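Down below is the structure, laid out as structure tokens.
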Amino acid sequence: MRVGILTGGGDCPGLNPAIRGATLRLIRDGHTPIGVLQGWKGLIEGLTVPLTEERVDEIIREGGTILGTSRTNPFKDPADVQRLLENIEDFNFGAIIAIGGEDTLGVARRLYTEHGVRVVGVPKTMDNDLGGTDFTFGFDSAVSVAVEAMDRLRDTAKSHARIIVLEVMGRHAGWVALYAGIGGGADWILIPEVPVDLNAMCHYLQQVYHGGKRYGLVVVSEGVELPFAGSDEPLQTDEFGHKVLKERAVGSRVARYIEEITGIETRDAVIGHIQRGGPPTVYDRVLATRLGLKAAELVSTGQFGMLAALHGVEIVAVPLEEALQAPKLVPYELYEEARQIFQRAVLQPQRSGAS
Ligand code: F6P
């Protein structure tokens with residue numbers, strides 16, 4: 001069978017290992033894997049490349065996606081859906097493996113339920129906000145970059161006796177901020193799932209700072225709602241209707257607020273797309289490979305409309321319908337668990353720092 005493989009939505013480390021895993025298993029099962037370029041756009045426009053063992057052999061360590069990606073939504077125009085369906089026939093694709101987040105997989109689900117296209121999904125996103133799977137690949141790599149940024153910011157914050165606010169991506173889920181905050185030892189973490197209490201944060205930062213630490217680190221997720229006038233100004237949207245959250249500049253706004261309230265010199269840093277580039281971590285390489293293998297297995301065994309997913313340490317199949325029911329957000333209990341570290345009730349005597 002000829003099987004199309006595509007990657008859609010924002011790229012993230014792990015896409016290449018997933019393409020590799022799926023390709024190698026498809027070949028092993030006697031199928032012909034074909035790469036579809038630029039996500040759903042490539043299926044609308046008929047852009048394909050052969051996927052061979054040789055082509056995918058070394059991509060395990062490469063960030064990005066050798067197939068390219070786009071945020072194209074075919075369902076915005078019925079003519080595009082028509083062209084896409086025709087191309088599936090013209091290319092004689094017996095199945096499509098779609099590697100993506102909620103948008104790409106949402107299209108896959110509709111193609112399956114509304115048009116009978118034989119699809120299998122693979123979950124990816126640095127945001128880790130997809131239901132049906134414990135983790136998505138791309139997340140671990142993004143958090144590792146954010147933690148490295150925290151380590152670097154700590155050095156400079158400490159030298160200048162400043163507070164530094166790090167803004168990370170994550171859309172409306174705070175996974176990246178929470179993990180980066182725990183892993184990087186933040187003094188406060190702001191995530192979209194928990195209403196922000198800026199006064200409590202400023203009070204705590206003042207205590208920490210004047211208690212002897214003489215610097216502070218805050219992590220804020222781009223999707224946080226701030227209680228300032230103007231924080232909900234209209235924003236650009238993509239083809240799936242998502243706002244470009246980067247424009248809200250929550251990091252710099254939180255930094256200005258902290259400086260105003262505490263009187264402590266405060267800076268902000270935004271790592272943006274740096275979180276999405278670079279080689280995947282080992283965790284992401286393994287997870288993506290296993291998910292790719294599973295997707296190919298689902299094709300070989302005729303289990304369509306399913307998502308390869310991580311449950312504990314097992315890779316299982318979950319209906320796309322079920323996985324896409326609701327985004328996976330940070331549970332309040334997990335944030336509270338982290339709060340024991342970043343908001344210590346009784347501050348310990350502080351170590352001395354530069355002033
Ligand atoms: O969904 C992944 C993500 O990186 C989000 O965290 C972020 O809000 C968005 O994509 C950025 O999208 P773009 O690459 O289109 O600017």
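Position 1 is the first residue of the sequence; numbering continues from there. Note that the coordinates shown come from a computational prediction; the quantities given were computed from them, not determined experimentally. Every number for a ligand or one of its atoms is a count from 1 in the order of the listing. No hydrogens, no waters, no symmetry mates; every other heavy atom, side chains included, goes into these values.
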So is there a nitrogen or oxygen of R71 less than 3.5 Å from a nitrogen or oxygen in ligand 1?
yes

Do any N/O atoms on M126 end up under 3.5 angstrom from N/O atoms on ligand 1?
no

So, E54 versus T52: side-chain donor-acceptor pair below 3.5 Å or not?
no

Just to confirm my output: which protein heavy-atom neighbour is closest to [atom], and how far is it?
{"atom": "atom 1 (O) of ligand 1", "value": "D127 OD2, 2.7 Å"}
{"atom": "atom 16 (O) of ligand 1", "value": "H273 NE2, 3.1 Å"}
{"atom": "atom 3 (C) of ligand 1", "value": "R276 NH1, 3.5 Å"}

Could you check whether any heavy atom of G101 sits closer than 4.0 Å to an atom of ligand 1, since that is the contact criterion I want to use?
no

Result of checking R162, R154, H160 against Y215 for side chain to side chain donor-acceptor pair (under 3.5 Å):
R154

Apply the side chain to side chain donor-acceptor pair (under 3.5 Å) test between Y257 and each candidate in T266, T262, N199; give the one that qualifies.
N199

Donor-acceptor pair, side chain of T136 and main chain of T125, under 3.5 angstrom:
yes

Does G272 offer a backbone N or O that forms a donor-acceptor pair with the side chain of K246 under 3.5 Å?
no

Can you tell me how the ring of Y204 sits relative to the ring of W188, calling it parallel under 30°, perpendicular over 60° and tilted otherwise?
tilted

Mode of E222 contact toward ligand 1 - side chain, backbone, both, neither (heavy atoms, under 4.0 Å)
side chain

At under 4.0 Å between heavy atoms, is it the side chain or the backbone of Q275 that contacts ligand 1, or both, or neither?
neither

